[in-house]
Each structure stands twice: as C-alpha cells, then as structure tokens.
2 protein chains.
Amino acid sequence: MVKSKFSISLHIMTLLAYYPGEWHSSAKIAESLKINPVLVRKELKALKSSGLIDSKEGKNGGVKLGKSAKNISLADIFEAVKGSSHVLNLSSNVPDVSCKIGGQINEKLLSIFDEVDNAIIDILEPQSLEAFKNQF
Amino acid sequence: MVKSKFSISLHIMTLLAYYPGEWHSSAKIAESLKINPVLVRKELKALKSSGLIDSKEGKNGGVKLGKSAKNISLADIFEAVKGSSHVLNLSSNVPDVSCKIGGQINEKLLSIFDEVDNAIIDILEPQSLEAFKNQF
DNA sequence: TTGTACTGTAATAATTTTAATTACAGTAAA
DNA sequence: TTTACTGTAATTAAAATTATTACAGTACAA
C-alpha cells in the first residue's frame, strides 16, 4: 500500500461527507487536495469498487458518498485503499534460501503483516466518517 | 518509516537470536539477507541506539543481541525501526488551507497515525523474539 | 608494529516507486 | 452538437530507496 493513499482517500471522503448530496468533480477535488486529477480518479476507482462512493459520468457528473457517512467507518476506507497489499512490506530481495532462517522468514513475516493490518482495522472500525467529518 | 525496514531488522534479530553469543559481521548478515552491507549497518545503528544489540569494532568484531531474546518483543524492534516517523504518511502536497477541511486535515490525520502506530505496538508487544525465533 | 578484519559513516550512483502530465474515448446534460 | 464530466492508458518527471565506493577509526593477532 502506498502510505499516503489513505490520507488522500480520507481527505476526499471527508469532503464528500462535508458537502453531502452534491456531485463533486475530480478536478475540484484535486484542486482542494493540490494533487493531480488523474491521481484523484485512481483513488476514486478503489473507493467506488468498495461501494463507498457513487459516480455519474457526463456533464454535471462527479462523485458523492455511496451511503450515509454514519454507515462508513475509517476501517472501510482503509480496506478500500489497502486492497490486497499490506501496510508493511517484505524486502524486495530474496534471502538466502539455504539458510535455516532465510528459507522461511517471508512466510512468517507475511503472517505478522496480516496481524498488523487487522490491528489497524480493529482500531479504525469504531470510528465513523460522520464523526471524523464533525471535527471540522 | 520505510515499509521493508521492519522485515530487514526482524530478519537480522532472528539470526542473532538463532546463533546467540556469536559476533556477527555486517558482511555475513548482508550475505544471508542478500542486501547491501551498508544498509545492514544502517539498520544495526537503529537497533543499537535502542539497546537491542551490542557491537564490537575491530577484527573479529560484529554484533550480537544486547539482551536475552526472551526480553525483546517484536514491538521493541518495530519501535526501534520506526523512530519518530509513522507507518502511514501525509500526502506530500499541502492541501488548500483556505478550505475548511484542507486547513485542518493534516493534524487530524496525524492523530490517527499515532493511534495506528500504537495499535501495531499493542499487537506486537506480547510476541517475544525468542518465540519468533523458535518457529524456525 | 604491521597486516587484517571489522564498525561506522559519508558521498554518490543506480534503481525503483510514486506522482504528474498528456491524451483521448465514452457519456450525459443543456 | 457543444460542453463538462468519468474512466483509463501511456509517458514523463520527481522522489524515495537501495547499492556501491571509499575511507577513517578500532582491535586483534602474528
């Protein structure tokens, strides 16, 4: 997972929750976040596949929340962003497999990565987008 | 935090725990992990500042555990690696500060990043390096 | 007392990853 | 039928990560 993706997606979702019912264009969102519109649209793609937003093509189109902010948790956003990757990573190099440790370390690490991701989900699950938005 | 640093440091620590009492050179460790010796020495620096390893300069020098693997938790290693950074990141761009959300989002995100890091520490705290090493 | 094998660290180069940019097909409202 | 969008691909630019080279300092040992 790209570490800043969660920040970008939560920022987008907060904007949508703050101005509910409106269709927001990726250009306007990008202007607010000061990032490229194409990057915004890539993030929106993941959020849409997870059912967190709706989108409308054509003139006056854009995106808006797919359900009430009360029914969206920060964990939902985290999971949408994370996809099948982990927050932590293996080293890109393959360790010496003839070594007792090196031959098995990656599977043990992956197991820890799952635990870590689940711990993050557990801490974010009780936090609603509605509550987060209300801080502003 | 560089996401793969934790993997590298845990791999190193597992090697040291598996062959306790021996002085391991960064060259040998690097050979086992298949990464550059200088990168190993950089990881060792953080582990040493946290008191997790001892080092000896000069011929026949190297590194070894600074205390029993039973008294080292995976959270200790995580914290050594993480330093003052977070597992998650802000976007590198500064959002539109004239926007109600953009002006305050980063401080709210940082607060979540702290919670996330603490959740990871909580899940890793009960796991000792000794137990991890014994899986191999 | 000198060679050898290390740590520790800096500087730089190569590589990979991430973000930005450009471009355009498709869609729907006006 | 023009305009303003989504959606996506391809390419370029920038940033972050990893590797490499180099060398000063240390300690053991012949």
Side-chain angles (χ1 to χ4, degrees), chain A residues 1-9 11-12 16 22-50 52-66 81-83 85-95, chain B residues 1-9 11-12 16 22-50 52-66 81-83 85-95:
Chain A
M1 187 178 83
V2 183
K3 305 188 299 174
S4 61
K5 273 190 179 180
F6 176 74
S7 297
I8 291 170
S9 284
H11 193 160
I12 294 172
L16 303 191
E22 295 176 26
W23 292 101
H24 299 258
S25 75
S26 59
K28 285 283 182 189
I29 295 171
E31 202 180 325
S32 182
L33 300 227
K34 300 286 186 212
I35 64 175
N36 194 276
V38 177
L39 183 53
V40 171
R41 296 204 279 265
K42 279 179 185 163
E43 296 307 315
L44 293 177
K45 187 179 183 179
L47 295 168
K48 192 182 176 186
S49 334
S50 301
L52 301 179
I53 60 170
D54 283 339
S55 68
K56 189 171 73 167
E57 293 193 356
K59 191 170 178 180
N60 300 331
V63 298
K64 65 179 182 63
L65 290 189
V81 165
K82 153 176 146 58
S85 66
H86 290 106
V87 160
L88 299 180
N89 267 161
L90 296 177
S91 167
S92 48
N93 299 335
V94 179
Chain B
M1 187 180 81
V2 184
K3 306 189 300 173
S4 61
K5 273 190 179 179
F6 176 75
S7 297
I8 292 171
S9 284
H11 192 160
I12 294 172
L16 303 192
E22 296 177 26
W23 292 101
H24 299 257
S25 76
S26 59
K28 286 283 183 188
I29 294 170
E31 201 181 325
S32 181
L33 302 226
K34 301 285 186 213
I35 64 174
N36 194 277
V38 177
L39 183 53
V40 170
R41 296 204 279 265
K42 280 179 184 164
E43 296 306 315
L44 293 176
K45 187 180 184 179
L47 294 168
K48 192 182 177 186
S49 334
S50 301
L52 301 179
I53 60 170
D54 282 340
S55 68
K56 189 171 73 166
E57 292 193 358
K59 191 171 180 179
N60 300 331
V63 298
K64 66 178 182 65
L65 290 188
V81 165
K82 155 177 145 59
S85 67
H86 290 106
V87 160
L88 298 180
N89 267 162
L90 296 177
S91 166
S92 47
N93 298 336
V94 179

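Only a predicted model underlies this, so the values are computations on that prediction, with no experimental measurement involved. A note on names: the letters A, B, ... follow the listed sequences, proteins ahead of strands, and every chain is numbered from 1.
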d(CH2, B:W23; P, C:dC6) in whole Å: 13 Å
Within 6.0 Å of NZ in B:K28, more than 12 heavy atoms from elsewhere: no
Measure the distance from CG on B:N89 to C1' on C:dA19 and round it to the nearest whole Å. 14 Å
Closer than 4.0 Å, any side-chain N/O of A:K45 to the OP1 or OP2 of D:dT8? yes
Min side-chain heavy-atom separation A:V63-A:I29 under 4.5 Å: yes
Within the structure shown, what part of the strands sits under 4.0 Å from B:K28 by heavy-atom distance: base, sugar-phosphate, or nothing? nothing
By nearest-nucleotide position on DNA chain D, the 5'-leaning member of B:K56 and A:N60 is A:N60
Just how far, in rounded Å, is C1' of C:dT16 from CG of A:N93? 12 Å
So what does B:S26 touch, heavy atoms closer than 4.0 Å: a base, only the sugar-phosphate, or nothing? sugar-phosphate
Atom-to-atom span, CD of B:E43 to P of C:dT9 - whole angstrom: 14 Å
According to a strict under-4.0 Å criterion, is A:K48 in side-chain N/O contact with OP1 or OP2 of D:dG7? yes
Atom CD1 of A:I12 and atom P of D:dT6: how far apart are they, to the nearest Å? 11 Å
First of B:R41 and B:S92 reached from the 5' end of DNA chain D, by closest nucleotide: B:S92
Which of residues 33-40 of chain B have a heavy atom under 4.0 Å from DNA chain D? B:I35, B:N36, B:V38, B:L39
With the side chain of B:E57 defined as its heavy atoms from C-beta on, choose the nearest nucleotide among D:dT6, C:dG8, C:dA30. C:dG8
N/O (side chain, A:S4) to phosphate O (OP1/OP2, C:dA19) under 4.0 Å: yes
Are B:S7 and A:L88 side-chain neighbours, meaning at least one heavy-atom pair lies under 4.5 Å? no
Between B:D54 (CG) and C:dC6 (P), how many Å, whole number? 18 Å
Does the side chain of A:H11 come within less than 4.5 Å of B:S91's, by heavy atoms? no
5′-ward residue of the pair B:L44/A:K42 relative to DNA chain C: B:L44
Rounded to the nearest Å, what distance is computed from the CD1 atom of residue A:I29 to the P atom of nucleotide C:dA20? 15 Å
Can you tell me how far CZ of A:R41 sits from OG of A:S25, rounded to the nearest 0.5 angstrom? 9.0 Å
Rounding to an integer number of Å, can you tell me how far B:E22 CD sits from C:dC6 C1'? 16 Å
What is the distance from atom OG of A:S26 to atom CG of A:L33, rounded to the nearest 0.5 Å? 11.0 Å
Value for NZ (B:K5) from CG (B:L39), rounded to nearest 0.5 Å, stands at 8.5 Å
